[in-house]
Amino acid sequence: PEKGSLSIVVLGASGDLAKKKTFPALFNLYKQGFLLPDEVCIFGYARSKLTDDDLRNRLRSYLVPGKDAFPELLEKVSKFLLLIKYTSGSYDSEDSFYNLDKEISVHESLKNSTEGSSRRLFYLALPPSVYPSVCKMIKTCCMNKSDLGGWTRIVVEKPFGKDLASAEQLSAQIGKLFEEPQIYRIDHYLGKELVQNMLVLRFANRFFMPQWNRDNIANVQIVFREDFGTEGRGGYFDEYGIIRDIIQNHLLQVFCLIAMEKPVSLKPEHIRDEKVKVLQSVLPIKDDEVVLGQYEGYRDDPTVPKNSNTPTFATVILRVDNERWEGVPFILKAGKALNSRKADIRIQFKDVSGDIFKSKNQGRNEFVIRLQPSEAIYMKLTVKQPGLEMQTVQSELDLSYRQRYQGTTIPEAYERLILDTIRGDQQHFVRRDELKASWEIFTPVLHRIEKGEFKSTPYKRGTRGPAEADKLLLEKAGYVQTQG
Ligand code: BG6
């Protein structure tokens, strides 16, 4: 591991993302004792005038699960909070950023030994509108200046733009100030345990490698459901909609890992090269392969315009124009205020040819990876119904993480990704050309939604979403409903 001081600056420290995700992830790393170096200091930065203790007190309840937490945990929380300092300032003021730089330098001079370098990580838990000015301030005032080496890195959150043009503009603005290896674009789905397992499943198992193609696979579904609406974030959501919020980033990243070719090695650049290639092989989305929905009651939110057409549900079919996947529909589906909270990948295999069992309800083989809740991997397959008759039935080979890995804590996505940023591993971060290719796929549809050329069909809260989506799956994607 690298030596020397580590300064983690959380910009937007009093905001929702920082409180709910960034600081708790940092605490989880700290709690494990060895993942953050002793030479760490965490700097919160935001506009509100707060003292160090104000910020610490605000954060405390996000770090402790309940009132009756174990005393050892409470002690760790208190120690962790003491590592946090607060600086207030605006996002475009050189004075404030020079001030921040001074604070960081004081910490560095206290912690750096002769061999130590200075590491500076800037986490932008901020709306993207301020990214350009904040990046400029960091570049002007706060870069690592140590002669002994070290680095300066920035972490940015989605949304990276609203369409191809705005994303490219943002990338160009940031790209002028920082080199690509310094920029960590977070997509937290890449930090999920079973998303990280995808490459292992595909490329370390003889079972799957020869099957993973158009000869055997009938269709692939990547589904995200939430059983709550956009309460409290209506203003943000209405500007973006479900395609930008979930599909263009989270589900598309999962799609890449399922559909890409085998990378030359596990080096981040090799993996990202393959992701870009498969994104570039996606054909333009067809009009009749999109279904949009909006749950009833969405517009009751005072921050949402009364005539909003923003989709809170979408099903989109992607088609990949290459030798492996020609003719195989990839169904990406996401919705808010549905009947359950679940994210899974379902890979449905083609029917067995020359079926000698003549059992109509036999069902297809399906390989399912449940990302959340309750991580699991299972294969639906046909077996003989135990008993005297020769009857077939669909059953499962089941790997439930909770049972199989009892006692193993599965790390939170943010925790793992922040650790990667400290270690300098970009494998699970989105590269600039990858981002561009992902916007190329969705921008035409998004523009047409904005022009009102695609309408969102209303659906009731707590349902499966619009019936048209199920129809689309049956008619255009050849999906066959299996049991369970
Ligand atoms: C965020 C979206 O990126 O992901 C939210 O903005 C969504 O709308 C969230 O609720 C879902 O993340 P997870 O990890 O709970 O599936």
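Worth knowing before you read on, the calculation uses all heavy atoms, side chains too, and leaves out hydrogens, waters and symmetry mates. From a predicted model like this one, the values you see are computed outputs, not experimental measurements. Just so you know, ligand 1 is whichever comes first in the structure, and atom 1 is the first atom listed for that ligand.
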Item to complete: Give a yes-or-no answer on whether the side chains of R402 and S374 include a donor-acceptor pair shorter than 3.5 Å.
Response: yes
Could you pull out every N or O of ligand 1 that sits under 3.5 Å from a protein N or O, with the distance for each pair?
from     : atom 1 : to   : atom 2 : distance (Å)
ligand 1 : 3 (O)  : K158 : NZ     : 2.5
ligand 1 : 3 (O)  : H250 : NE2    : 2.7
ligand 1 : 6 (O)  : K158 : NZ     : 2.9
ligand 1 : 6 (O)  : R233 : NH2    : 3.0
ligand 1 : 6 (O)  : D245 : OD1    : 2.6
ligand 1 : 6 (O)  : D245 : OD2    : 3.4
ligand 1 : 8 (O)  : R233 : NH1    : 2.7
ligand 1 : 8 (O)  : D245 : OD2    : 2.6
ligand 1 : 8 (O)  : K336 : NZ     : 2.6
ligand 1 : 10 (O) : E226 : OE1    : 3.3
ligand 1 : 10 (O) : E226 : OE2    : 2.5
ligand 1 : 10 (O) : K336 : NZ     : 3.4
ligand 1 : 12 (O) : H188 : NE2    : 3.1
ligand 1 : 14 (O) : H188 : NE2    : 2.8
ligand 1 : 14 (O) : K192 : NZ     : 2.6
ligand 1 : 15 (O) : R341 : NH2    : 3.2
ligand 1 : 16 (O) : Y189 : OH     : 2.4
ligand 1 : 16 (O) : Q372 : NE2    : 2.7

Response to the item:
Hits for ring pair (Phe, Tyr, Trp, His ring centres under 6.0 Å) against Y240, two or more places apart or cross-chain, chain-then-number order -> Y236
Discussion item. Holding to ring pair (Phe, Tyr, Trp, His ring centres under 6.0 Å), I want the full list of residues that pass it with Y298, two or more places apart in sequence or in another chain.
Written reply: Y295
Discussion item. Ring-plane angle category for F255 and F330, please: parallel below 30°, perpendicular beyond 60°, tilted otherwise.
Written reply: perpendicular
Worksheet item: Does a side-chain N-to-carboxylate-O contact under 4.0 Å join E434 and R431?
Response: no
Practice prompt. Sequence neighbours left out, what passes salt bridge (charged side-chain N to carboxylate O under 4.0 Å, His left out) with E412? Give chain and number order.
Written response: none
